[in-house]
Participant: 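First the structure, then my questions, so here it is.
One is the number of the first residue; the rest follow in order along the sequence.
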Amino acid sequence: MSDAARTLRRPVSAAQLGVWVAQQLDPDSPLYNCGAYLEIDGPVDTGVLGEAVQRAVEETEALRSYFTEDTGPTERTDPAEDTRLCQLVVPAEPTSLRVHDLRDAADPEAAAHRWMNAEMLKPFDLGHGPLSDQTLLLLADDRSFYFHRYHHAVLDAFGQTVYGARVAALYTALLTGTEPAASGFATLDRVVAEETGYPGSRRHTRDRAHWLDLFEEMPDPVALAGRSAGSTHSSLRRILVLPTALADRLTALGDRLRVQWPAVAIAATAVLYHRMTGSTDLTFSLPLAGRTSRVSLATPSAMVNVLPIRVAATPGSTFTELVASVSRSLADVIRHQRFRGEELVRELGLSGGRQARLGPTLNVVAYVDELRFGDSTATPHPLSSGPVNDLKINFYGTAASGTGIRVEFDADPDLYDEREIAAHQERLVRVLEWVAEDPDRRIGDVELLSAVERERVLVGWSGESRGVRGVSLPVLFGEQVARTPDAVAVVCGDVRLSYGELDAWSNRVARWLVGRGWGLSRLWVWCCRGRWSWWWRCWVW
């Protein structure tokens, strides 16, 4: 049978169509290149691994596909208009695994990272296959990197994880001379079939109503950089492994609060953004597997969906209260996750690069497990999972996974430098330590500054230091009223109050409140809960 006769025509998923349309805007961009590598600690039989990869590719239609389109008779103004996109699945190439020997390099690991980074910048041509390549980088006789680069239109991070596990299983079986069990991978038409009945269904209508109601009013976007830019291919990455003791305490915290680890990670990140920006209405973009059936969960493919989670973080809330709220919001996101993120962006009028209003990306991957290639252990390391808007914070693994918890920051180098990313990452770790110690404290009390930063702010930037009398703010205010009663104290819009007027006004309000039964303690709680948040919009001279 000829190769042409063996070529299969498959439909595309909504995720694939979205990535394909975005890539058409800049066909030579590596923006949608994705990749990961498995760090294999132990010897690897290159011949057996080559056979395992070959068989895995033959089982995986996604890694043997490329795209073709039929267009309508009219001239298109939009890449998706009148387009009937499909993917063609072709036979596997004779050799699916390359081997690159770096054992003689002065620093094999550094050389491997340079090589992988260079490969990640090479664009794929969506109209020609293959849209994936795999290489074994030999660093030593007992250490290697199994590198897999692919285009986001054929595979997503979840699919790559399923595929990597299959390669490891095939290798181990072949190494021991046993016949591997069947993969259970389905054809792409079966994977895509679960999407066909959703658009226009009652479920779609309910999901759409949920998302549009949630974002009837759009919150202001948050960014640690204080400014925004367009999507970019990440070239600034910093990875930190949480201390084992802290990871264990965080796991115990989740058990005690009866919430899953993703809710703890999202809530802690919300505390970081709240304390750094002062915002109380936060939105983060969450990558979701986009799979709702056994077929799609078990088959390497591209189905990922990205939807926002909205978090209310106020200074008076405790972390226990915040994480419970986040857990409920996360359940809502999962319940309505079939609604496509691209559709939500269009419905909210955020197309044209304004997707960043949905917030920085926050990805909690709790299914990262250690793989085995025979007797050699392998630890997964993501390299890129697509475009970065501002900042992408990834949590990989759990304390119980055997690999620990890795916190990875992927940043736009136009907005951040390495020093800033390191500082933000260390602040997030301080938040995690703080919540693990006592989750019932107010999040407004969390301390983000290190001892060095605190010294710089309180002493270094202040110049000379002076002793301060141990008196309260009302006493200091009264002394200022006596000194300059006619000086301007407060400006709010067109309203100006002198110190004398402000003193008289505040006394009248205090007498009015006391006359209605408001004691001092009740008034203090009322103020601390933010009922007078408008006051801080005024500029005090």
Participant: Tell me the closest heavy-atom pair linking Q160 and A36, and the distance in Å.
Facilitator: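 In this case the closest contact between Q160 and A36 is OE1-CB, 4.0 Å.
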
Participant: When you compare the side chain of V222 with that of P360, does any pair of heavy atoms fall below 4.5 Å?
Facilitator: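 Yes, side chains in contact.
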
Participant: Indicate yes or no for a side-chain donor-acceptor contact from T178 to the backbone of A173 under 3.5 Å, with no hydrogens or angles considered.
Facilitator: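 Yes: the side chain of T178 pairs with the backbone of A173.
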
Participant: Would you give the length of the straight line joining atom CG of L272 to atom CG of L224, rounded to the nearest 0.5 angstrom?
Facilitator: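 Between L272 CG and L224 CG, I get 5.5 Å after rounding to 0.5 Å.
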
Participant: So do D207 and Y198 actually touch side chain to side chain, heavy atoms under 4.5 Å?
Facilitator: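 Yes. Closest side-chain heavy atoms under 4.5 Å.
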
Participant: Salt bridge (Lys or Arg N to Asp or Glu O under 4.0 Å) with R190: which residues, sequence neighbours excluded?
Facilitator: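 Result, salt bridge (Lys or Arg N to Asp or Glu O under 4.0 Å) vs R190: none returned.
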
Participant: Using side-chain heavy atoms (C-beta onward) and a distance below 4.5 Å, is T292 in contact with E194?
Facilitator: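 Yes, close enough: below the 4.5 Å cut-off.
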
Participant: Quick one: are W211 and P308 in side-chain contact, heavy atoms under 4.5 Å?
Facilitator: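 They are in side-chain contact.
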
Participant: Quick one, N33 with L121, criterion side chain to side chain contact (heavy atoms under 4.5 Å, CB included). Give me CA distance, side-chain angles, the key distance, then yes/no.
Facilitator: CA-CA 8 Å; N33 285 3; L121 295 176; over 6 Å; no

Participant: Only pairs at least two apart or in different chains count here, so list each side chain to side chain donor-acceptor pair (under 3.5 Å) that has a residue in residues 124-133.
Facilitator: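 Of all non-adjacent pairs touching residues 124-133, those that pass side chain to side chain donor-acceptor pair (under 3.5 Å) are D125-H128, S132-H148, D133-R149.
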
Participant: Measuring only between side-chain heavy atoms, which start at C-beta, is L297 closer than 4.5 Å to F158?
Facilitator: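 Answer yes - side chains close enough.
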
Participant: Please say which of F145, Y146, F147 ends up in a ring-ring contact (aromatic ring centres under 6.0 Å, His included) with Y37.
Facilitator: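 Passing option: F145.
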
Participant: Salt bridge check, E342 against R340: does any charged N sit closer than 4.0 Å to a carboxylate O?
Facilitator: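 Looking at E342 together with R340, the answer is yes, because their closest N to O distance falls below 4.0 Å.
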
Participant: Given 3.5 Å as the limit, does a donor-acceptor pair link the side chain of H152 with the main chain of L155, or not?
Facilitator: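 Yes; judged by distance alone, with no hydrogens or angles, the pair exists.
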
Participant: Which heavy-atom pair separates A223 from T277 by the least distance, and what is that distance?
Facilitator: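 What the structure gives for the nearest pair is O-CG2, 4.0 Å.
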
Participant: May I ask you to decide if L448's main-chain N or O and R430's side chain share a donor-acceptor pair within less than 3.5 Å?
Facilitator: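 At least one qualifying donor-acceptor pair exists.
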
Participant: Run through T269, N363, I266, V365 and flag the one making a side-chain contact (heavy atoms from CB on, under 4.5 Å) with F395.
Facilitator: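 Per the side-chain contact (heavy atoms from CB on, under 4.5 Å) rule, the option paired with F395 is T269, out of T269, N363, I266, V365.
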
Participant: Are there more than 12 heavy atoms of other residues, nucleotides or ligands under 6.0 Å from atom CG of D417?
Facilitator: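 Atom CG in D417 is packed in, count exceeds 12.
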
Participant: Nearest heavy-atom pair of A263 and V326: which atoms, and what distance?
Facilitator: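 Heavy-atom minimum between the residues: O-CG1, 3.7 Å.
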
Participant: Provide the closest heavy-atom pair for A289 versus D156 in the form atom of the first, atom of the second, distance.
Facilitator: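 Scanning both residues completely, I find the closest heavy atoms to be O-OD2, 4.4 Å.
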
Participant: Do you know which two heavy atoms are closest between Q24 and L126, and how far apart they sit?
Facilitator: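 Nearest pair, atom of Q24 first, then L126: NE2-CD1, 3.9 Å.
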
Participant: Just verifying a value: how many Å separate R238 CZ and R419 CZ, rounded to the nearest 0.5 Å?
Facilitator: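 The CZ atom of R419 is 12.5 Å from CZ of R238, to the nearest 0.5 Å.
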
Participant: Run the side-chain donor-acceptor check on residues 90-99: report pairs under 3.5 Å with partners two or more places apart or on a different chain.
Facilitator:
residue	atom	partner	partner atom	Å
S96	OG	Q54	OE1	3.0
R98	NE	T135	OG1	3.3
R98	NH2	E119	OE1	3.4
R98	NH2	T135	OG1	3.2

Participant: Identify the heavy atoms of A268 and L428 that sit nearest to each other, and give their distance.
Facilitator: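 Result for this residue pair: O-CD1, 4.0 Å.
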
Participant: Rounded to the nearest 0.5 Å, what separates atom CG in L8 from atom SG in C86?
Facilitator: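 So the CG of L8 and the SG of C86 are separated by 11.5 Å.
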
Participant: Got a sec, which residues hit side-chain contact (heavy atoms from CB on, under 4.5 Å) with T377, two or more places apart in sequence or on another chain?
Facilitator: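 Partners of T377 by the side-chain contact (heavy atoms from CB on, under 4.5 Å) criterion, ordered by chain and then number, come out as D41, E370, R372.
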
Participant: May I ask you to decide if G359's main-chain N or O and S285's side chain share a donor-acceptor pair within less than 3.5 Å?
Facilitator: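 The answer is yes, because a donor-acceptor pair under 3.5 Å joins these two groups.
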
Participant: Between Y416 and D390, does a side chain to side chain contact (heavy atoms under 4.5 Å, CB included) hold up when you go through it step by step?
Facilitator: CA-CA 9 Å; Y416 302 91; D390 179 67; 3.0 Å; yes

Participant: With no hydrogens and no angle check, is any side-chain donor or acceptor of T176 less than 3.5 Å from a backbone partner on T172?
Facilitator: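 Judged by distance alone, yes, a pair lies under 3.5 Å.
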
Participant: Roughly how far, to the nearest 0.5 Å, is CG of D332 from OG of S327?
Facilitator: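 S327 atom OG to D332 atom CG measures 10.0 Å (nearest 0.5 Å).
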
Participant: Counting distance only, does the side-chain N/O of T379 pair as donor-acceptor with the main-chain N or O of E39 below 3.5 Å?
Facilitator: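 No: the side chain of T379 does not pair with the backbone of E39.
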
Participant: Less than 6.0 Å separating the ring centroids of F284 and Y273?
Facilitator: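 Between F284 and Y273, the centre distance is under 6.0 Å.
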
Participant: Hey, are E179 and R55 close enough for a salt bridge, meaning a charged N less than 4.0 Å from a carboxylate O?
Facilitator: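 Yes, E179 and R55 are salt-bridged.
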
Participant: Kindly say whether D101 contributes a backbone atom to a donor-acceptor pair with the side chain of R103 at under 3.5 angstrom?
Facilitator: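 No; judged by distance alone, with no hydrogens or angles, the pair does not exist.
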
Participant: Between N305 and L288 (side chain of the first, backbone of the second, donor and acceptor by atom type, cut-off under 3.5 Å), is there such a pair?
Facilitator: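 It does not hold such a pair.
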
Participant: Has the side chain of E51 got a donor or acceptor atom that lies under 3.5 Å from a matching backbone atom of G47?
Facilitator: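 Looks like no, no N/O pair under 3.5 Å.
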
Participant: Decide yes or no for L170 and E59: does some side-chain heavy atom of the first lie under 4.5 Å from some side-chain heavy atom of the second?
Facilitator: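 They are in side-chain contact.
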
Participant: Verify the neighbour count for atom CD of E418: are there more than 12 heavy atoms of other residues, nucleotides or ligands below 6.0 Å?
Facilitator: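 12 or below, so no.
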
Participant: Would you say that S301 contacts L188 through its side chain, given a criterion of any heavy-atom pair below 4.5 Å between the two side chains?
Facilitator: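 Contact flag for S301/L188 side chains = yes.
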
Participant: Between W261 and L250, is the side chain to side chain contact (heavy atoms under 4.5 Å, CB included) condition met? List the steps.
Facilitator: CA-CA 8 Å; W261 160 239; L250 291 169; 4.1 Å; yes

Participant: Closer than 3.5 angstrom, by distance alone: can the side chain of Q134 be matched with the main-chain N or O of V53 as a donor-acceptor pair?
Facilitator: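 No; judged by distance alone, with no hydrogens or angles, the pair does not exist.
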
Participant: Only pairs at least two apart or in different chains count here, so list each salt bridge (charged side-chain N to carboxylate O under 4.0 Å, His left out) that has a residue in residues 13-36.
Facilitator: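 Checked against salt bridge (charged side-chain N to carboxylate O under 4.0 Å, His left out) - neighbours excluded - no pair reaches residues 13-36.
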
Participant: Where does the angle between the aromatic ring planes of F373 and Y171 fall among parallel (under 30°), tilted (30 to 60°) and perpendicular (over 60°)?
Facilitator: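 F373 vs Y171 ring planes: tilted.
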
Participant: Distance alone, cut at 3.5 Å: any donor-acceptor contact between the side chains of E195 and S13?
Facilitator: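 No donor-acceptor contact under 3.5 Å links the two side chains.
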
Participant: Measure the spacing between CG of L137 and CG of L38 and express it to the nearest 0.5 Å.
Facilitator: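 Reported value, rounded in 0.5 Å steps: 11.5 Å.
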
Participant: Parallel, tilted or perpendicular for H151 and F124, by the 30°/60° rule?
Facilitator: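 Geometry flag for F124 against H151: perpendicular rings.
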
Participant: With heavy-atom distances below 4.5 Å as the criterion, would you say the side chains of L49 and V167 are in contact?
Facilitator: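 Yes, their side chains come closer than 4.5 Å.
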
Participant: Mind checking what makes salt bridge (Lys or Arg N to Asp or Glu O under 4.0 Å) contact with E343, not counting sequence neighbours?
Facilitator: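 Once residues adjacent in sequence are excluded, E343 has no partner under the salt bridge (Lys or Arg N to Asp or Glu O under 4.0 Å) criterion.
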
Participant: Let me see the working for R143 and E109 under side chain to side chain contact (heavy atoms under 4.5 Å, CB included), right down to the final yes or no.
Facilitator: CA-CA 10 Å; R143 189 160 183 262; E109 183 166 345; 3.1 Å; yes

Participant: Distance from I40 atom CD1 to L371 atom CG, nearest 0.5 Å?
Facilitator: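 Interatomic distance, I40 CD1 to L371 CG, rounded to 0.5 Å: 9.0 Å.
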
